[in-house]
There are 2 protein chains.
Amino acid sequence: MSHTLLVVAHPRTDSLTAEVADRVHRRLRAEGSTVDLLDLYAEGFDARLTPVDEPDWENRDKTYSGEVHAHMRRMEAADDLVTVFPVWWFAPPAILKGWIDRVWNYGFAYGRSKPRLAGKRMLWLGLAGGSRDEYAEAGLDTVMDTQLRVGVSEFCGIRDARLRLLHDAELSGVPQALRADRVKEILTAADEVLDAFRPDTAARA
Amino acid sequence: MSHTLLVVAHPRTDSLTAEVADRVHRRLRAEGSTVDLLDLYAEGFDARLTPVDEPDWENRDKTYSGEVHAHMRRMEAADDLVTVFPVWWFAPPAILKGWIDRVWNYGFAYGRSKPRLAGKRMLWLGLAGGSRDEYAEAGLDTVMDTQLRVGVSEFCGIRDARLRLLHDAELSGVPQALRADRVKEILTAADEVLDAFRPDTAARA
């Protein structure tokens with residue numbers, strides 16, 4: 001049995017992001033995984049790194065804030081890290097960026113000869129309003145992959161990491177009569193991403 | 001005479017980022033520009049977008065929070081937008097991302113047939129710990145340029161926008177005896193960026 005830290009970053013519980021996260025949550029549990037749900041907004045996570053949580057490059061054993069150490073323990077306890085978020089400005093929302101800024105800290109997430117997060121697996125699952133073509137046209141399709149999968153996960157020794165975007169996920173431009181179908185398509189796409197992410201987990205478990 | 005909104009995003013006033021920002025501030029004023037200093041940490045800016053500041057795609061005239069409208073007015077008043085920030089995880093700190101998430105909102109920054117920010121100029125000035133070569137090797141040199149210059153500035157009609165990184169800006173690995181020289185190099189590099197950014201401003205003023 002594997003344990004997943006599911007990180008969600010949307011201000012509304014009735015958002016499509018929350019619906020996708022809930023779907024992921026239920027499917028993980030149905031498949032026998034335990035899930036620690038970290039809803040950053042619901043937990044009142046402050047995105048702003050302050051000096052107490054600033055890396056001290058001369059001390060990789062620095063004691064950070066209690067809040068940050070608690071978040072580190074939740075990461076350590078997980079086999080899999082899954083983030084579900086809306087794509088704002090071709091990037092994660094500030095609250096999710098702040099979770100990286102503060103929790104993925106020096107001496108914990110990186111800066112060790114033997115990376116402590118190595119062996120975990122990670123999925124970055126973003127809901128993007130734009131279409132796949134719009135993203136590709138502006139060269140924005142690879143930006144987040146490089147930044148998050150390479151720049152964060154791989155930088156911290158997580159080799160099995162992937163970014164997946166669910167495109168056309170903004171419903172307001174979709175006629176009311178067609179929205180239910182669009183939601184179904186998004187949820188089906190999310191299922192496919194999770195199915196592709198899970199087999200290895202199952203094999204390892 | 002031009003007016004600059006100078007946005008700074010570092011938790012410590014004794015940081016190298018703050019020193020660069022102060023240098024930029026003084027040089028702009030010495031050259032006859034007025035400057036509105038927006039120190040996001042000092043002003044207690046909350047990076048978290050909440051529903052009151054969420055775009056309503058069916059209403060580009062939505063009234064956002066008073067705080068956000070005040071920030072919009074500060075942007076509108078400026079000819080030039082200059083941000084100075086440390087690069088964390090190959091991206092701006094969460095507090096700066098939150099300023100974009102919340103203030104660069106629908107109906108104001110984009111979503112108008114005639115972009116309201118068109119005609120302004122913009123400089124993204126980041127202090128990066130890594131070297132230029134390290135960034136290029138991982139393909140991380142172009143990521144921020146695409147994300148910020150293309151994905152934010154140009155997306156909002158700001159055609160004269162540029163991202164510049166000051167590399168090797170982390171002092172902790174530099175022997176104490178050499179730090180003063182390194183700081184001088186960084187400040188000189190910042191001057192050069194500003195000089196290249198300003199001539200057009202001067203010509204236009």
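It should be emphasised that the depicted structure is a prediction, and the values quoted were computed from it without experimental measurement. Computation of the quantities below employed the complete heavy-atom set of this structure, encompassing side-chain atoms and omitting hydrogens, waters and symmetry-equivalent molecules.
- Nearest heavy-atom pair, A/Pro92 versus B/Lys97, reported as atom, atom and distance to 0.1 Å: O-NZ, 2.9 Å.
- Atom CZ of A/Arg12 is surrounded by more than 12 heavy atoms from other residues, nucleotides or ligands within 6.0 Å.
- Both the backbone and the side chain of A/Trp104 have a heavy atom closer than 4.5 Å to some heavy atom of chain B.
- With a 4.5 Å cut-off on non-hydrogen atoms, A/Tyr110 touches chain B through its side chain but not through its backbone.
- A donor-acceptor pair shorter than 3.5 Å cannot be found between the side chains of A/Gln147 and B/Trp89.
- Taking CH2 of A/Trp57 as the start and CG of B/Leu171 as the end, the distance is 12.0 Å to the nearest 0.5 Å.
- Of the residues considered (A/Ile95, A/Leu140, A/Ile100), A/Ile100 shows the highest number of contacts with chain B, using heavy-atom pairs under 4.5 Å.
- By a heavy-atom distance cut of under 4.5 Å, A/Tyr41, A/Gly44, A/Phe45, A/Asp46, A/Ala47, A/Arg48, A/Leu49, A/Thr50, A/Pro51, A/Glu54 are the residues of residues 37-55 of chain A near chain B, going up by number.
- Heavy-atom pairs under 4.5 Å with chain A peak, among B/Gly173, B/Ala94, B/Gly129, at B/Ala94.
- Using a 4.5 Å cut-off between heavy atoms, A/Glu170 touches chain B through its side chain atoms alone.
- Summarising the local packing, CD of A/Glu137 is surrounded by 12 or fewer heavy atoms from other residues, nucleotides or ligands at distances under 6.0 Å.
- Counting heavy-atom pairs closer than 4.5 Å to chain B, the top-ranked of the candidates A/Arg102, A/Glu58, A/Met144 is A/Glu58.
- Ranked by heavy-atom pairs shorter than 4.5 Å toward chain A, the options B/Asp101, B/Val143, B/Asp56, B/Thr142 are led by B/Asp101.
- The 12-atom threshold is not exceeded at CZ of A/Arg132, counting heavy atoms of other residues, nucleotides or ligands nearer than 6.0 Å.
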